[in-house]
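Counting begins at 1 with the first residue of the sequence. Every value quoted in this text rests on a predicted model; they were computed, and no experiment measured them.
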Amino acid sequence: MKYKSIALFCGSATGHNPVYVEQARAFGQQMVDKGLTLYYGGGSIGLMWAAAEVMMQNGGTVIGVAPDFFTRNHVLAENITKMIFVKTMSERKQLLEQEADAFVALPGGYGTMDELFEILTDSQLGMHTKPIVLYNHNGFYDHLIAQIERFSEEGFLRPFHRNLMLVATTTDEIFHCLDQYENTNDQDWLKKIRH
């Protein structure tokens, strides 16, 4: 699949293990090397900034999308390519889904899960067919992946929906997954639920 931009979902914290910052920076550097545009939450903190900062330092294109209630001097980046302000977190997710060509989730917490599962649900419902990759470096998402497998085993997740999200364990593998991505949704199933 051809893609020119990626929306990044990840923590507004850096976590306790420095490997997560290192990997976010490595991801940002590969974005620059590949000439890709980064869409992200617009923050100047956490893993999201680790990736964005590297891109800005190396001539990359970074577009932030943030609700206007965040404080500019504590949360939001001021030296990125472009900042788009919206009213709500829901609007932010909708704009990221609309504008980005692909989605990558690095380690994070509630907000990252909110973004990831909304983009997965919209893919499940045929709202988009864009690639989604979960970055499971250092086993961070092992338990989440196990829970998703449990969804499938217990009959709450169809196999063609389980495979809408690919899993990578290195930054190189993230881009390999994006390059090889094929949307696995079932068109007959979509015809039954949509008109």
Side-chain angles (χ1 to χ4, degrees), residues 1-12 15 19-20 23-24 26-28 30-31 34 36-41 46-48 50-51 65 89-90 92-194:
M1 173 181 175
K2 298 291 185 184
Y3 57 96
K4 296 180 179 178
S5 63
I6 296 174
L8 178 63
F9 306 145
C10 64
S12 58
V19 72
Y20 300 126
Q23 291 301 303
F27 173 78
Q30 285 186 264
M31 289 281 292
K34 294 174 182 296
L36 300 171
T37 295
L38 176 70
Y39 284 89
Y40 84 121
L47 295 188
M48 65 170 77
V65 182
M89 297 292 276
S90 293
R92 175 164 83 174
K93 289 182 290 184
Q94 290 169 2
L95 197 148
L96 290 171
E97 180 176 324
Q98 174 185 324
E99 295 298 323
D101 297 327
F103 309 94
V104 171
L106 300 185
Y110 286 155
T112 304
M113 293 298 93
D114 176 47
E115 292 168 325
L116 174 64
F117 279 101
E118 179 157 334
I119 212 71
L120 275 169
T121 301
D122 284 356
S123 181
Q124 180 182 36
L125 297 175
M127 307 300 287
H128 72 85
T129 59
K130 299 173 182 180
I132 304 165
V133 177
L134 182 70
Y135 188 39
N136 188 36
H137 187 77
N138 199 40
F140 183 83
Y141 283 120
D142 283 353
H143 295 293
L144 176 63
I145 294 165
Q147 183 61 56
I148 291 171
E149 294 301 333
R150 183 72 184 271
F151 295 159
S152 298
E153 291 165 5
E154 296 289 350
F156 291 101
L157 188 62
R158 294 169 177 85
F160 51 85
H161 291 149
R162 165 62 186 89
N163 296 323
L164 292 172
M165 179 182 71
L166 301 180
V167 177
T169 57
T170 68
T171 53
D172 286 339
E173 194 177 351
I174 290 173
F175 295 98
H176 177 75
C177 287
L178 293 173
D179 291 338
Q180 303 300 316
Y181 185 83
E182 291 184 18
N183 186 277
T184 60
N185 215 342
D186 184 273
Q187 295 304 308
D188 291 334
W189 181 83
L190 284 173
K191 287 175 185 176
K192 291 176 185 177
I193 67 161
R194 301 187 63 185

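Remark: the backbone N or O of Tyr141 is not paired with any side-chain donor or acceptor of Tyr135 at under 3.5 angstrom. Between the side chain of Tyr181 and the backbone N or O of Met165, no donor-acceptor pair lies under 3.5 Å. Between the side chain of Lys130 and the backbone N or O of Tyr3, no donor-acceptor pair lies under 3.5 Å.
Taking 4.5 Å as the limit, every side-chain heavy atom of Glu173 sits out of range of all side-chain heavy atoms of Val133. For the pair Arg194/Met127, a side-chain contact is recorded, criterion being any heavy-atom separation below 4.5 Å from C-beta on. Using a 4.5 Å cut-off on side-chain heavy atoms (C-beta onward), Thr170 and His176 make no contact. Here the side chains of Leu47 and Pro107 are in contact, with some heavy-atom distance below 4.5 Å. Contact of the Thr129 side chain with the Asn185 side chain is not registered, since no non-hydrogen atoms from C-beta on lie closer than 4.5 Å. You'll find the side chain of Glu97 reaches within 4.5 Å of the side chain of Asp122, heavy atoms only. The shortest side-chain heavy-atom distance between Met113 and Leu144 falls under the 4.5 Å cut-off.
Residues His137 and Val19 share a closest heavy-atom pair of NE2-CG2, 3.4 Å. Nearest heavy-atom pair across Leu178 and Val104 is CD1-CG2, 4.2 Å. Contact record, Thr171 with Gln23: CG2-OE1, 3.6 Å, taken as the closest heavy-atom pair. Taking each heavy atom of Ser123 and Ile132 in turn, the nearest pair found is CB-CD1, 4.0 Å. Taking both residues in full, the closest heavy atoms of Glu99 and Ser5 are given as O-OG, 3.7 Å, listed atom of the first, atom of the second, then distance. The minimum heavy-atom distance between Phe103 and Phe9, with the atom names listed, is CD2-CZ, 3.7 Å.
To the nearest 0.5 Å, atom CD1 of residue Ile174 and atom CG of residue Asn136 are 10.5 Å apart. Rounded to the nearest 0.5 Å, atoms CD1 (Ile193) and CG (Asp188) are 12.0 Å apart. In this structure, Gln124 CD and Leu157 CG are separated by 6.5 Å, a value rounded to the nearest 0.5 Å. Going from atom OG1 of Thr184 over to atom CG of Leu164 covers 4.0 Å, rounded to the nearest 0.5 Å.
Atom CZ of Arg162 is surrounded by more than 12 heavy atoms from other residues, nucleotides or ligands within 6.0 Å.
The only option from Leu96, Leu38, Thr112 that meets the side-chain contact (heavy atoms from CB on, under 4.5 Å) definition with Leu8 turns out to be Leu38. A side-chain contact (heavy atoms from CB on, under 4.5 Å) with Phe151 is found for one member of Glu149, Glu153, Gln147 and no other, namely Gln147.
Between Trp189 and His161, the ring planes are perpendicular. Angles over 60° get that label, and only those under 30° would be called parallel. The aromatic rings of Phe140 and Tyr20 sit perpendicular, their planes meeting at an angle over 60°, well past the 30° parallel limit.
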Worksheet item: Should Asp186 and Arg158 be marked as a side chain to side chain contact (heavy atoms under 4.5 Å, CB included) after you check the CA-CA gap, both sets of side-chain angles, and the distance that decides it?
Response: CA-CA 10 Å; Asp186 184 273; Arg158 294 169 177 85; over 6 Å; no

Worksheet item: Given Gln30 and Leu36, is the side chain to side chain contact (heavy atoms under 4.5 Å, CB included) satisfied, shown in steps?
Response: CA-CA 9 Å; Gln30 285 186 264; Leu36 300 171; over 6 Å; no

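A donor-acceptor contact closer than 3.5 angstrom is absent between the side chains of Glu182 and Asn163.
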